[in-house]
Amino acid sequence: METRINGHTTMLGLFGSPVSHSGSPAMYNYSFEQAGINDAYLAFDIQADEMPRVLEKMRVLKMRGANVTMPCKNVAAKLVDELSPASELIGAVNTIVNNDGVLVGHNTDGEGYVENLRYHGVDPKGKRLTVLGAGGAATAITVQMALDGATTIHIFNTKDIFYKNAELTAQKIMKRVPTCEVTVGDINNQVALEEAIKKSDILANATKVGMAPNIDQSNIKNPNIFRPDLVVTDTVYNPAETKMLADAKRHSSQTIGGKGMLVWQGAEAFKLYTGRRMPIADVTRIFFADDGGH
Ligand code: NAD
């Protein structure tokens, strides 16, 4: 018999499509149970055009909050009542907190990346970063690193539909965080890319390159660019160690995979919902077990 859900239980959820594969319900429900919090979390298959009605129902049902995934992240940023500084700059929301009917949008993807860096002993303050990518994950990382004190960010992307987004993000950041210089370049210009990496402390891959099933691919064509004092990070979490990370490890760089970012963005959302710490070690062990170096 289910004993945890009763007349006092508060509901949270995930909005997006598809969501049936999501690990979020298991991760949050486990964490609520461990923390003795009477909340329950479900996944709802929602399209972007349904979001206005969904957010109204969040208020009616007094849901405590919700995570938002594709294709609803951008529309959510337009619909909530208030935006956190990061989600305003990113233009996308992955977490909504319902404060007595006032819906506040946050974006914890970038915070997840930065918290995972800190967990691995890397402080973003004063750092120079090269980011590969200009989509959702890359924009979140770029914005949060700027807000948390990075001094220079070089964004590289292929000249696809996301390239314009990189230029817009650069402009927005330099206006809001004048202490951070942001440049934008073509990822296919390996000479410029290598120059930027030479001047950087951290390299972040936030493109889909290296993701299963294309696990033999890397944006970095010359692995000799990796060096011991470069921190090399990937947002890709399947596989846990991408070709880029394996190449970097062989050249003695510190490497950080994408699973930690996934756990920490959830932990940041959990903190926003409950004011409590997610049991990170247990969650990592139970739900993200196969990655020793997340
Ligand atoms: P997105 O669709 O918003 O952006 C895709 C990015 O990949 C763009 O910059 C695009 O130009 C680039 N790209 C795609 N194909 C490419 C190619 N062949 N060569 C070079 N660049 C290419 O996607 P997203 O949501 O930002 O996801 C990007 C990556 O980040 C994915 O691998 C995803 O799994 C990962 N991610 C990880 C986390 C995490 O918590 N670890 C969270 C979000 C996304």
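Side-chain atoms are counted along with the backbone in the values below, which use heavy atoms only and exclude waters and symmetry mates. Whatever order the structure lists ligands and atoms in, that order sets their numbers, starting from 1.
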> Does the N or O separation between M211 and ligand 1 drop below 3.5 Å for any pair?
Replying inline: no
> Pairs in or reaching into residues 68-79: which pass side chain to side chain donor-acceptor pair (under 3.5 Å), with residues at least two apart or in two chains?
Replying inline: K73-D109
> Does ligand 1 have an atom that lies less than 4.0 angstrom from a heavy atom of A206?
Replying inline: yes
>> If only side-chain N and O atoms count, and only distance matters, is there a donor-acceptor pair under 3.5 Å linking N94 with N67?
In response: no
> Counting only heavy atoms not in R118, do more than 12 fall under 6.0 Å of its CZ?
Replying inline: yes
> Should V209 be listed as contacting ligand 1, given a heavy-atom distance under 4.0 Å as the test?
Replying inline: yes
> What do we get for K208 next to ligand 1 when only non-hydrogen atoms under 4.0 Å count, side chain, backbone, both or neither?
Replying inline: both
>> Quick test: of every protein heavy atom, which one is nearest to atom 12 (C) of ligand 1, and how far off is it to 0.1 Å?
In response: T207 CB, 3.7 Å
>> Suppose we measure from atom 9 (O) of ligand 1 to each protein heavy atom; which comes out shortest, and what is that distance?
In response: N157 OD1, 2.7 Å
> Which one of F162, Y113, Y237 has a non-hydrogen atom at the shortest distance from atom 8 (C) of ligand 1?
Replying inline: F162
> Got I46 and C72 here, is their nearest side-chain heavy-atom distance under 4.5 Å?
Replying inline: yes
>> Among all protein heavy atoms in this structure, tell me which lies nearest to atom 42 (C) of ligand 1, with the distance rounded to 0.1 Å.
In response: M261 CE, 3.9 Å
>> Using 30° and 60° as the class boundaries, would you call the ring planes of Y41 and F32 parallel, tilted or perpendicular?
In response: tilted
> Which is it for D160 and ligand 1 at heavy atoms under 4.0 Å: side chain, backbone, both or neither?
Replying inline: side chain
> Hey, which atoms in ligand 1 end up nearer than 4.0 Å to a heavy atom of G133?
Replying inline: 9 (O)
>> Taking the ring of F287 and the ring of Y30, is the distance between their centroids below 6.0 Å?
In response: yes
> Does any N or O atom in A138 lie less than 3.5 angstrom from one in ligand 1, N or O only?
Replying inline: no
> For atom 27 (O) of ligand 1, which candidate among A92, A134, A137 holds the nearest heavy atom?
Replying inline: A137
> Just heavy atoms, cut-off under 4.0 Å: does L262 contact ligand 1 by side chain, backbone, both, or neither?
Replying inline: both
